[in-house]
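Since the structure comes first, as structure tokens, the remarks are kept for the end.
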Amino acid sequence: MIDQRLIRENPKAIEEGLKRRGMKLDLGPLQVNSQKLRDLEESRSKLQSKGNAIGKLVGQKIKTGSDPKSEEVSKLRLEGNQIKQEVATLEEAEKNISEKLKAQILSLPNIPDSTCPDGKNEKDNKERRYWGKPLNDISLKEHWEIANNLSLWDTERSAKVSKSRFVTLLNQGAKLERSLINFMLDLHCQKGYLEVLPPALVNSCSLTSSGQLPKFAEESFKCADDDLWLTPTAEVPLTSLHRDEIIPQSELPLKYVAYSPCFRREAGSYGRDTRGLIRLHQFNKVELYWFVNPEDSKEALEKITNDAEDVLKKLELPYRVIELCAGDIGFSACKTYDLEVWLPGAKSYREISSCSSCLDFQARRSSIRTKKGKNTSLVHTLNGSGLAVGRTMAAILENGQQKDGTVNLPTALIPYFGSSQLKPE
RNA sequence: GGAGAGAUGGCCGAGCGGUUUAAGGCGCAGCACUGGAAAUGCUGUAUAGGGGCAACUCUAUCGAGGGUUCGAAUCCCUCUCUCUCCGCCA
């Protein structure tokens, strides 16, 4: 959420910032309403002050022996009544404006960071660095073919049980997924992350806090009979873990790692990535999430990205780091690095992690603060996938495939999987 | 799902229509005492928004929302959550 003070005092700066996202908007009306709201609040509180004084006076009179039915007291009561009505009128007007205003402000995305490269869409993203040697061999298979050959899953029965874009992993496939989750969690925990296993269903308030609502309701699955949604990412429960809290300085930075299943409708992506593990309605993800002091968030984005990269390095998967341009960053983010893993079968880089700094955008929506001396300030939040597990499995299959149909696993994973390769059974 | 009890500051806990400007305690911070500490004493100790150079001050907040009243932590209604018992259940 953008600071309302900024909307009042410098709406042009916001307009400029959001223009970089490709949004053309006029914040004039918002500015006017925000000011109007403040003026209403001021006159109401003055009126209330007057009303409070009358209330006290009546109490005093009665206590000191005045007749409650005396003309003097009746007059005060009448005046109190009038004030009450005036206050009610003002409150009504306030409510009208503030509800509208809040809805509009909640729909505004974060302002891109000044260091965020210019650009309209993914074509304008900047490659920042490469790691590893990408395999290039025309004969290499795509991961879904390898998974079929090794019977790692059952796609047809999955569609029977649920529908398309759901997967049932079997045998070595199921075990590999589990090994990856454990490996990732352990790796991050060794670096000082606190492990969290959050609820898979979250309420509307939580989705609003992290930025999925109100704009992206159609992206998530909603339970029909409850105010509950399937988590699209662990970022949602992790943000709300500290909603309406003041985190003591001594606890910052707070670094969480959470495994969670993630559920997304993937509306509008019909026909894309229909095969395999790349785009599913349900997938597993290990998520990194930081709460930091505002002055530390810049550095923290580099660190959280490095922590995500480390998973790829340990798994010996070649990747590149992309810095997203202002037109391509997500709703809540002000700056984002995507990690893209090399898929030699598909012969392309695919996003496997997205690491973002949200500054105080989510913290303001969720009212998460810290206290320094007498001053409270909003914390900054960062999130990064560490990593998307299904896509990691796809990368391991494609990068480790051998001519004889087996798949060699990265050394770091062997203790978790209990064997050094996948082979036909 | 049924029945009952409850929700008050960082924590415990009193208050059940008008000096509540939320008692008292614990915790925490500062000061005093001390060679240093303990103990003791004093002072301070919520959040948001507004006004003021500042000391300070105004408004709101006692789970949430509504109502009664000149005046609500206190009375009434609705909802949410927690606990206990019963039912069901991994």
Side-chain angles (χ1 to χ4, degrees), chain A residues 1-9 30-99 101-103 105-106 197-209 223 225-229 237 240-252 254 261 291 294 360 362-379:
Chain A
M1 190 158 66
I2 291 175
D3 192 355
Q4 234 185 100
R5 182 170 290 159
L6 191 62
I7 292 177
R8 278 196 303 269
E9 291 170 4
L30 279 193
Q31 184 191 23
V32 168
N33 278 338
S34 183
Q35 188 57 50
K36 215 186 269 177
L37 183 64
R38 233 182 68 174
D39 294 344
L40 279 170
E41 279 166 354
E42 199 181 329
S43 28
R44 172 185 48 90
S45 76
K46 277 188 183 146
L47 216 52
Q48 279 173 322
S49 178
K50 220 160 122 189
N52 288 344
I54 289 172
K56 259 179 212 159
L57 196 59
V58 172
Q60 241 169 45
K61 296 261 180 216
I62 294 174
K63 260 244 150 104
T64 54
S66 294
D67 179 3
K69 287 186 178 143
S70 69
E71 195 182 332
E72 192 190 13
V73 172
S74 301
K75 217 172 142 185
L76 285 171
R77 281 189 174 163
L78 194 69
E79 199 179 339
N81 239 326
Q82 277 165 357
I83 287 175
K84 191 163 61 165
Q85 272 168 26
E86 285 172 56
V87 167
T89 310
L90 288 177
E91 273 178 341
E92 171 111 22
E94 260 180 69
K95 204 174 157 191
N96 265 330
I97 292 180
S98 79
E99 272 173 12
L101 194 62
K102 185 144 193 228
I105 293 175
L106 282 173
L197 190 61
L201 300 189
V202 294
N203 58 35
S204 299
C205 191
S206 296
L207 279 164
T208 306
S209 295
C223 300
D225 297 331
D226 302 278
D227 177 33
L228 288 169
W229 307 65
S240 283
L241 217 51
H242 290 289
R243 193 168 68 221
D244 298 318
E245 286 185 24
I246 295 176
I247 303 172
Q249 274 293 302
S250 58
E251 287 178 25
L252 293 178
L254 261 175
F291 296 89
D360 61 11
Q362 291 179 325
R364 182 171 292 107
R365 285 171 164 256
S366 332
S367 186
I368 304 171
R369 292 156 294 168
T370 186
K371 197 168 186 175
K372 264 185 217 153
K374 273 194 122 177
N375 299 317
T376 53
S377 59
L378 294 164
V379 299

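Numbers restart at 1 for each chain; the letters A, B, ... are given by sequence-line order, proteins then strands.
- Here A/Thr370 pairs with A/Gln249 under the side-chain hydrogen bond (donor to acceptor under 3.5 Å, both in side chains) rule; sequence neighbours left out.
- A/Ile62 is listed as a side-chain neighbour of A/Val58, based on a closest heavy-atom distance under 4.5 Å.
- When the side-chain hydrogen bond (donor to acceptor under 3.5 Å, both in side chains) test is applied to A/Gln31, no partner is found at least two apart in sequence or on another chain.
- Straight-line distance between the P atoms of B/G63 and B/G9: roughly 7 Å, to the nearest whole Å.
- Remark: A/Asp3 engages A/Arg364 in a salt bridge (Lys or Arg N to Asp or Glu O under 4.0 Å) (not counting sequence neighbours).
- Once you apply a 4.0 Å limit to the heavy atoms of chain A, the touched nucleotides of RNA chain B run 5' to 3' over B/G18 to B/G71.
- Not a single donor-acceptor pair under 3.5 Å links the side chain of A/Ser49 to the backbone N or O of A/Ser45.
- In this structure B/G36 sits in no base pair that meets the Watson-Crick or G-U test at under 3.5 Å.
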Name each donor-acceptor pair under 3.5 Å that joins a side chain in residues 71-91 of chain A to protein atoms two or more places apart or in another chain, with its distance.
unit_1: A/Glu72; atom_1: OE2; unit_2: A/Lys61; atom_2: NZ; d: 2.9
unit_1: A/Ser74; atom_1: OG; unit_2: A/Ser70; atom_2: O; d: 2.9
unit_1: A/Thr89; atom_1: OG1; unit_2: A/Gln85; atom_2: O; d: 2.9

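- Within the shown strands, nothing qualifies as a pairing partner of B/A90 under the Watson-Crick or G-U definition with both distances less than 3.5 Å.
- When both distances must be under 3.5 Å, the Watson-Crick or G-U wobble mate of B/C53 does not exist.
- Legend: residues meeting side chain to side chain contact (heavy atoms under 4.5 Å, CB included) with A/Ser367, ordered by chain and number and at least two apart, are A/Asp244, A/Arg369.
- Nucleotides B/A37 and B/G44 have their C1' atoms positioned 23 Å apart, rounded to a whole Å.
- Listed by first then second residue, pairs satisfying salt bridge (charged side-chain N to carboxylate O under 4.0 Å, His left out) with a partner in residues 38-60 of chain A read A/Glu42-A/Lys46, A/Arg44-A/Glu94, not counting sequence neighbours.
- Pairing for B/C62 is absent, with no Watson-Crick or G-U wobble pair whose two atom distances lie under 3.5 Å.
- Residue contacts shown for A/Lys56 are absent, as no nucleic acid heavy atom lies under 4.0 Å away.
- Residue A/Thr376 is in sugar-phosphate contact alone, with no base atom involved, counting any heavy-atom pair closer than 4.0 Å across all strands shown.
- Using C1' as the reference atom, B/G10 and B/G67 are 33 Å apart when rounded to the nearest Å.
- Here B/C31 sits opposite B/G41 as a Watson-Crick or G-U wobble pair (both hydrogen-bonding atom distances under 3.5 Å).
- A distance of about 43 Å separates the P atoms of B/C28 and B/C77, rounded to the whole Å.
- A gap of 12 Å separates the P atoms of B/U74 and B/G18, to the nearest Å.
- For A/Thr376, the side chain to side chain contact (heavy atoms under 4.5 Å, CB included) partners two or more places apart in sequence, or in a different chain, are A/Ile246, A/Lys371.
- For the pair A/Leu57 and A/Glu79, both in contact range of RNA chain B, the more 5′-proximal nearest nucleotide belongs to A/Leu57.
- Here A/Ser206 pairs with A/Asn203, A/Ser240, A/Arg243 under the side-chain hydrogen bond (donor to acceptor under 3.5 Å, both in side chains) rule; sequence neighbours left out.
- When both pairing distances are held under 3.5 Å, B/C26 makes a Watson-Crick or G-U pair with B/G10.
- For the contact set between residues 1-8 of chain A and RNA chain B, defined by any heavy atom under 4.0 Å, the members are A/Arg5, A/Arg8.
- Residue-environment remark: CD (A/Glu92) stays at or below the threshold of 12 foreign heavy atoms within 6.0 Å.
- Looking at residues 37-52 of chain A, you'll see A/Arg38, A/Glu41, A/Glu42, A/Arg44, A/Ser45, A/Gln48, A/Ser49, A/Asn52 sit with a heavy atom under 4.0 Å from some atom of RNA chain B.
- Take A/Ser377 and apply the side-chain hydrogen bond (donor to acceptor under 3.5 Å, both in side chains) test, not counting sequence neighbours, and it matches no residue.
- Position along RNA chain B of the nearest nucleotide to A/Lys371 versus A/Val58 favours A/Lys371 as the more 5'-ward residue.
- Put simply, the side chain of A/Ser366 gets close to the backbone of A/Gln362: a donor and an acceptor are under 3.5 Å apart.
- At a threshold of 4.0 angstrom between heavy atoms, the contacts of A/Ile62 include nucleobase atoms, whether or not backbone atoms are also involved.
- Across all strands shown, B/C70 forms a Watson-Crick or G-U wobble pair with B/G18, both key distances being under 3.5 Å.
- Nucleotides B/G15 and B/G30, compared at atom P, are 35 Å apart to the nearest Å.
- Taking atom C1' on both nucleotides, B/U8 is separated from B/U20 by 12 Å, rounded to a whole Å.
- B/A5: Watson-Crick or G-U partner is B/U82, with both key distances under 3.5 Å.
- B/G4 and B/A14 have their P atoms separated by 23 Å, given to the nearest Å.
- Looking at heavy-atom distances under 4.0 Å, A/Lys61 makes no contact with the nucleic acid at all.
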